[in-house]
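Side-chain atoms are counted along with the backbone in the values below, which use heavy atoms only and exclude waters and symmetry mates.
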Amino acid sequence: MPVLYVIGIIALIAIDQIVKHLVVASLALGDSFSVINGVLSITRINNTGAAWSILSGHQFIFVIIAILAAILVTYFIVRYWSNMPYRIGLGLLLAGTLGNVIDRIMNNHVVDMFQLDFINFPIFNCADMYLTFGILILAIAIIRES
């Protein structure tokens, strides 16, 4: 993998960790403030589960799965390097996976903060956005190849 690609992934992970640090440093657990009234709030929660807090409290399982996923995604990045949409989507998956596993290892939970006020949707973080957009890019790329 070229150096700039790796630096890009590291930068995404750093952004995720900095945002989480700023939220933890400035908001007590459960506190919230509106960014765009009726649209977006910042609400600090600690999530010990996965999406929608499923399997809450099973950090060891999540860490093992995340490490295996990171290894597998890295393999696919190398394998499909020539395919730009795959490279971008997989890079986002790797950054999101590593961003959240860092939290699980260091804090025994993932810090989430972005709350959509106009819909009942789980609170999420930057790493979750990377994962979502990575999957979306890969899905579009796969569909376009069909």
Side-chain angles (χ1 to χ4, degrees), residues 1-27 29-32 35 39-146:
M1 282 185 272
V3 173
L4 286 179
Y5 184 79
V6 174
I7 290 171
I9 291 171
I10 292 169
L12 289 172
I13 296 167
I15 290 166
D16 173 68
Q17 292 298 303
I18 290 167
V19 169
K20 289 172 180 173
H21 173 76
L22 291 172
V23 167
V24 168
S26 58
L27 286 176
L29 190 61
D31 280 357
S32 180
V35 176
V39 178
L40 177 69
S41 295
I42 303 295
T43 302
R44 179 184 167 197
I45 65 166
N46 295 339
N47 185 353
T48 60
W52 296 277
S53 297
I54 60 171
L55 294 174
S56 188
H58 294 85
Q59 295 308 306
F60 181 74
I61 293 170
F62 291 125
V63 170
I64 297 300
I65 290 170
I67 291 169
L68 292 173
I71 292 167
L72 188 60
V73 168
T74 302
Y75 165 78
F76 283 123
I77 290 170
V78 172
R79 170 77 172 80
Y80 294 103
W81 182 256
S82 62
N83 186 318
M84 183 62 77
Y86 282 24
R87 187 185 324 166
I88 293 168
L90 290 165
L92 288 167
L93 287 181
L94 185 60
T97 299
L98 294 176
N100 279 340
V101 81
I102 288 168
D103 277 11
R104 292 188 191 287
I105 292 169
M106 301 299 288
N107 305 317
N108 211 29
H109 62 263
V110 173
V111 175
D112 289 331
M113 74 288 299
F114 298 115
Q115 181 172 0
L116 300 177
D117 298 330
F118 60 92
I119 189 171
N120 184 13
F121 192 79
I123 299 171
F124 55 95
N125 60 42
C126 293
D128 297 333
M129 287 190 281
Y130 305 157
L131 291 165
T132 301
F133 284 111
I135 291 291
L136 183 61
I137 290 167
L138 289 171
I140 292 168
I142 291 166
I143 291 167
R144 289 183 71 187
E145 287 179 2
S146 301

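The side chain to side chain contact (heavy atoms under 4.5 Å, CB included) search around L22 returns I18, not counting sequence neighbours. Legend: residues meeting side chain to side chain contact (heavy atoms under 4.5 Å, CB included) with I143, ordered by chain and number and at least two apart, are absent. Applying the side chain to side chain donor-acceptor pair (under 3.5 Å) criterion to H21, with sequence neighbours excluded, gives no partner residue. D31 pairs by the side chain to side chain donor-acceptor pair (under 3.5 Å) definition with nothing, not counting sequence neighbours. By the side chain to side chain contact (heavy atoms under 4.5 Å, CB included) test, R87 is found to be paired with Y5, W81, M84, residues two or more places apart in sequence or in another chain being considered. Among residues two or more places apart in sequence or in another chain, the salt bridge (charged side-chain N to carboxylate O under 4.0 Å, His left out) test is passed with D103 by K20. Legend: residues meeting side chain to side chain donor-acceptor pair (under 3.5 Å) with N108, ordered by chain and number and at least two apart, are absent. Partners of D117 by side chain to side chain donor-acceptor pair (under 3.5 Å), not counting sequence neighbours, listed by chain and number: S41.
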Subject >> L40 vs F118, side-chain contact (heavy atoms from CB on, under 4.5 Å): CA-CA, chis, key distance, verdict >> reply: CA-CA 8 Å; L40 177 69; F118 60 92; over 6 Å; no
**OP:** Just do the side-chain contact (heavy atoms from CB on, under 4.5 Å) check on L116 and V39 with the steps written out, would you?
**Re:** CA-CA 6 Å; L116 300 177; V39 178; 5.8 Å; no
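One finds the CD1 atom of I88 at 9.5 Å from the CG atom of N83 (value rounded to the nearest 0.5 Å). In this structure, the separation between CG on L131 and CG on L92 is 8.5 Å, given to the nearest 0.5 Å. Atom CG of L29 sits about 5.0 Å away from atom CZ of R44, to the nearest 0.5 Å. For the atom pair I64 CD1 and R104 CZ, the distance stands at 12.5 Å (nearest 0.5 Å).
Here the side chains of L138 and L90 are in contact, with some heavy-atom distance below 4.5 Å.
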Which pairs of donor and acceptor atoms, one on a side chain in residues 6-13, lie under 3.5 Å apart (sequence neighbours left out)?
none

Let me have the donor-acceptor pairs involving side chains of residues 67-79, under 3.5 Å, with sequence neighbours excluded, atom names and distances please.
from : atom 1 : to  : atom 2 : distance (Å)
T74  : OG1    : A70 : O      : 2.7

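Counting only residues at least two apart or on different chains, the side chain to side chain donor-acceptor pair (under 3.5 Å) pairs with a member in residues 128-144 are N100-D128.
N47 contributes no side-chain N or O that, together with a main-chain N or O of V110, makes up a donor-acceptor pair within less than 3.5 Å.
Considering V19, V24, I45 in turn, V19 is the only one that fulfils the side chain to side chain contact (heavy atoms under 4.5 Å, CB included) rule with M113.
The two atoms that bring T97 and A66 nearest to each other are CG2-O, 3.4 Å, heavy atoms only.
Classified by interplanar angle (parallel below 30°, tilted 30° to 60°, perpendicular above 60°), the ring pair F114/F124 is tilted.
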